[in-house]
Amino acid sequence: QVQLVESGGGLVQAGGSLRLSCAASGRTFSSYAMSWFRQAPGKEREFVAGISKSGDSTYYADSVKGRFTISRDNAKNAMYLQMNKLKPEDTAVYYCAAKRDLVGTSPLYNYWGQGTQVTVSS
């Protein structure tokens with residue numbers, strides 16, 4: 001069992017930055033590929049960024065490539081999303097997700113956090 005808790009969301013103006021954190025329970029954090037998803041009002045949940053178990057490979061949605069950076073610290077059982085140059089279209093609830101196999105862009109993950117709200121004003 002894995003429990004995930006997101007933090008770091010908030011209200012920012014366009015062009016600003018936020019850093020989201022995902023804290024995971026247990027000592028087998030490195031056994032899971034991790035991803036960030038987001039869901040805006042009236043929209044389907046979409047893949048944002050993913051990272052392999054070791055952290056050596058990362059993946060990004062085209063909409064955030066060059067602005068967002070995903071990372072993980074397996075020693076701390078933590079995963080992060082650095083978001084720069086935020087746009088109003090980035091407004092969504094952001095979710096941390098984990099699964100035991102490879103990173104995937106569809107939301108077929110074993111574990112999910114509760115989500116953290118990111119709101120970007122213009």
Side-chain angles (χ1 to χ4, degrees):
Q1 296 293 325
V2 175
Q3 292 181 327
L4 306 173
V5 180
E6 302 95 336
S7 62
L11 306 174
V12 298
Q13 291 188 321
S17 297
L18 283 174
R19 192 188 196 204
L20 305 184
S21 297
C22 174
S25 65
R27 61 178 182 176
T28 59
F29 180 67
S30 62
S31 297
Y32 296 86
M34 303 291 296
S35 290
W36 289 96
F37 287 79
R38 68 186 182 188
Q39 188 166 20
K43 305 294 183 180
E44 294 185 354
R45 190 168 298 187
E46 66 173 349
F47 174 82
V48 176
I51 189 165
S52 62
K53 297 175 181 180
S54 64
D56 61 336
S57 298
T58 58
Y59 312 88
Y60 298 94
D62 289 341
S63 59
V64 307
K65 195 171 298 181
R67 298 187 298 120
F68 291 9
T69 302
I70 189 172
S71 62
R72 68 190 295 163
D73 187 339
N74 288 344
K76 295 181 178 180
N77 285 1
M79 192 256 291
Y80 309 96
L81 184 68
Q82 178 66 47
M83 305 185 295
N84 298 326
K85 298 181 178 180
L86 283 161
K87 304 174 181 179
E89 63 200 81
D90 295 319
T91 295
V93 176
Y94 284 71
Y95 298 91
C96 175
K99 65 188 182 80
R100 294 190 64 88
D101 52 8
L102 301 179
V103 172
T105 58
S106 62
L108 300 176
Y109 280 67
N110 299 112
Y111 305 101
W112 294 86
Q114 82 289 346
T116 185
Q117 177 71 48
V118 172
T119 301
V120 184
S121 64
S122 60

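Because only heavy atoms are used, hydrogens play no part in the values below, and waters and symmetry mates are left out as well, while side chains stay in.
For the pair Trp36 and Met83, the minimum side-chain heavy-atom distance is 4.5 Å or more. Within the 4.5 Å cutoff, the side chain of Ser35 has no heavy atoms near those of the Tyr59 side chain.
Between Leu86 and Leu18 the shortest heavy-atom distance is CD1-N, 3.9 Å. The two residues Pro88 and Ser122 have their closest heavy-atom pair at CG-CB, 4.0 Å. Here the closest heavy-atom approach between residue Phe29 and residue Arg72 is recorded as O-NH2, 3.0 Å.
With sequence neighbours excluded, no residue forms a ring-ring contact (aromatic ring centres under 6.0 Å, His included) with Tyr94. Partners of Tyr80 according to the side chain to side chain donor-acceptor pair (under 3.5 Å) rule, which considers only residues two or more places apart in sequence or in another chain, do not exist here. Partners of Arg100 by salt bridge (Lys or Arg N to Asp or Glu O under 4.0 Å), not counting sequence neighbours: none found. Among residues two or more places apart in sequence or in another chain, the side chain to side chain contact (heavy atoms under 4.5 Å, CB included) test is passed with Val93 by Tyr95, Gln117. Applying the side chain to side chain contact (heavy atoms under 4.5 Å, CB included) test to Ser54 and every residue at least two apart in sequence or in another chain returns Ser52, Asp56. In this structure Gln114 satisfies the side chain to side chain contact (heavy atoms under 4.5 Å, CB included) test together with Val5, Glu6, sequence neighbours excluded. Partners of Asp101 according to the side chain to side chain contact (heavy atoms under 4.5 Å, CB included) rule, which considers only residues two or more places apart in sequence or in another chain, are Lys99. Contacts of Lys65 classified as salt bridge (Lys or Arg N to Asp or Glu O under 4.0 Å), with partners at least two apart in sequence or in another chain: Asp62. When the ring-ring contact (aromatic ring centres under 6.0 Å, His included) test is applied to Tyr60, no partner is found at least two apart in sequence or on another chain.
For the atom pair CD1 (Ile70) and OG (Ser57), the distance works out to 11.5 Å, reported to the nearest 0.5 Å. Taking CG of Leu20 as the reference point, atom CZ of Phe68 lies at 8.0 Å (rounded to 0.5 Å).
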Could you please spell out the steps behind the side chain to side chain contact (heavy atoms under 4.5 Å, CB included) verdict for Trp112 and Arg45? CA-CA 12 Å; Trp112 294 86; Arg45 190 168 298 187; 3.4 Å; yes

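Annotation: ring pair (Phe, Tyr, Trp, His ring centres under 6.0 Å) contacts involving residues 38-57, sequence neighbours excluded, comprise Phe37-Phe47. Applying the salt bridge (Lys or Arg N to Asp or Glu O under 4.0 Å) test to pairs two or more places apart or on separate chains, none has a residue in residues 109-122. Residue pairs that meet the salt bridge (Lys or Arg N to Asp or Glu O under 4.0 Å) test with at least one member in residues 80-90, sequence neighbours left out, are Arg38-Asp90, Arg67-Asp90.
In this structure a side-chain-to-backbone donor-acceptor pair under 3.5 Å is present from Ser25 to Gln3. Looking only at distances, no side-chain donor or acceptor of Tyr109 sits under 3.5 Å from a matching main-chain atom of Cys96. In terms of modelled atom types and a separation under 3.5 Å, the side chain of Ser30 and the main chain of Lys53 share no donor-acceptor contact.
One hydrophobic cluster holds both Val64 and Val118 under the rule that ILVMFWY side chains link at heavy-atom gaps under 4.5 Å.
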